[in-house]
Structures are given as structure tokens and as C-alpha cells.
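Heads up, the thing below is written out as C-alpha cells.
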Amino acid sequence: MSIPELLINDRFITHKDWEKIDNFSARSGMSFIKIALNFGYVSRKNYERSLLNAGYIFKDARKQNFDKRILSRIELKFADQHAALPLRIENNRVVTLMTDPTNQLFVDFIKFTYDLEPEIIVAS
């Protein structure tokens, strides 16, 4: 289930909110969740609650190791727009920090850029 669907099911946003956020996302290039969190559509606490209810597990982003060589291959503006960041390669996968683990555009970017599958760590 997509993040917008989770948020609607938990009654944290409406279908009209989803439409507004999608339109803004298309115009700005920012991810759905970046807009939803930063423009007051949903609080971080409620966002985390929806993801936890869906079975996602959060990890502390600050405790994650990173490799500067991995970080050097991504435009930080793009990472910021998607609230996601590749951290390191571990077990032949790109350990990737994401606020929206269903963001297929960023997942595809990781696959294309590093020629490896991502291992997604969810963080708020």
C-alpha cells in the first residue's frame, strides 16, 4: 500500500489533500512525503504511526555509518527533494535511508546509479 493510502486509511489526510500534494509534487519535483511533512499536511508523529501500523520499522538515522564515496555520487538537492540518502554498500546492496520506502523514483535512481538493489532503512 502506498504512503498516501496509509495516511488516508489512518485519517491523517484526505483524498483532496492527496490530490493537492500530488499536484505540488509534480510542479516542484519534491516527493509526496517531503511536501506532506514540511507543509503541515501530516505531523511526523502521525506519519510514523501510519508506517508503524503498516509494519515498517524505523531506525535512528544518526547512528548509521556512511561512505563518502557513495554520497559523492548523488546530487544533494535530489536527495533533499526526496528525503532519502544512500549511505553505504553492505552485503552487495546500497543501504539507503528513506522517509518514504515506497518512493519508486528514488529506488530506481539507486538501482541505476549504483547498479545494486537498495536496502531501505526507514527514518522520519
Side-chain angles (χ1 to χ4, degrees):
M1 185 177 289
S2 72
I3 298 300
E5 291 169 321
L6 290 175
L7 295 172
I8 287 171
N9 284 346
D10 290 335
R11 298 179 185 198
F12 294 133
I13 65 170
T14 65
H15 285 283
K16 186 136 181 101
D17 292 334
W18 184 359
E19 184 178 312
K20 287 178 186 176
I21 296 167
D22 265 348
N23 287 336
F24 188 9
S25 178
R27 289 190 320 273
S28 68
M30 286 190 283
S31 70
F32 176 92
I33 198 59
K34 174 104 176 171
I35 294 166
L37 291 171
N38 290 339
F39 290 90
Y41 286 95
V42 65
S43 69
R44 290 192 190 281
K45 181 179 177 179
N46 288 339
Y47 169 71
E48 287 178 12
R49 187 176 296 145
S50 279
L51 266 67
L52 287 170
N53 289 342
Y56 289 99
I57 298 170
F58 285 83
K59 292 188 180 178
D60 187 350
R62 291 184 176 102
K63 292 184 179 180
Q64 298 298 315
N65 294 323
F66 63 91
D67 182 339
K68 289 181 183 179
R69 292 173 296 163
I70 300 303
L71 292 173
S72 71
R73 295 180 65 187
I74 185 170
E75 288 288 327
L76 293 181
K77 181 177 179 180
F78 181 73
D80 181 56
Q81 287 175 327
H82 292 274
L85 193 63
L87 298 175
R88 64 186 179 276
I89 294 177
E90 190 174 282
N91 298 325
N92 218 21
R93 296 175 69 107
V94 181
V95 176
T96 305
L97 194 62
M98 297 180 73
T99 56
D100 179 356
T102 66
N103 182 337
Q104 194 58 49
L105 177 62
F106 201 84
V107 169
D108 289 344
F109 169 81
I110 294 297
K111 290 176 182 178
F112 177 76
T113 302
Y114 301 97
D115 200 26
L116 294 169
E117 291 291 320
E119 178 182 319
I120 297 171
I121 295 174
V122 182
S124 62

Counting distance only, does the side-chain N/O of Asp22 pair as donor-acceptor with the main-chain N or O of Glu19 below 3.5 Å? no
For Tyr114, all residues meeting ring pair (Phe, Tyr, Trp, His ring centres under 6.0 Å), sequence neighbours excluded: none
Salt bridge present between Lys34 and Asp80 (N-O < 4.0 angstrom): yes
Closer than 3.5 angstrom, by distance alone: can the side chain of Thr96 be matched with the main-chain N or O of Leu85 as a donor-acceptor pair? no
Got Asn38 and Met30 here, is their nearest side-chain heavy-atom distance under 4.5 Å? no
Less than 4.5 Å apart, side chain to side chain, heavy atoms only: is that true for Phe106 and Ile74? yes
side-chain contact (heavy atoms from CB on, under 4.5 Å) partners of Leu52, counting only residues at least two apart: Phe58
Got Ser31 and Asp100 here, is their nearest side-chain heavy-atom distance under 4.5 Å? no
For Pro101, which of Val107, Val122, Ile33 qualifies under side-chain contact (heavy atoms from CB on, under 4.5 Å)? Val122
Any side-chain to backbone donor/acceptor pair from Asp67 onto Arg69? Under 3.5 Å, distance only. yes
Heavy atoms, side chains only, cut-off 4.5 Å: are Lys20 and Asn23 in contact? no
So Phe109 and Phe78, would you call those rings parallel, tilted or perpendicular, with 30° and 60° as cut-offs? tilted
Any pair counted as side chain to side chain donor-acceptor pair (under 3.5 Å), so long as it reaches residues 52-65, sequence neighbours left out: Gln64-Arg88
Is there a side-chain contact between Ile3 and Leu51 (heavy atoms, below 4.5 Å)? yes
I want to check something: taking the side chain as every heavy atom from C-beta on, are Val95 and Ile121 in contact at a cut-off of under 4.5 Å? yes
Check whether any side-chain heavy atom of Pro118 sits under 4.5 Å from a side-chain heavy atom of Lys111, and report yes or no. yes
Determine the minimum heavy-atom distance between Ile35 and Tyr41, stating which atoms define it. O-CD1, 4.0 Å
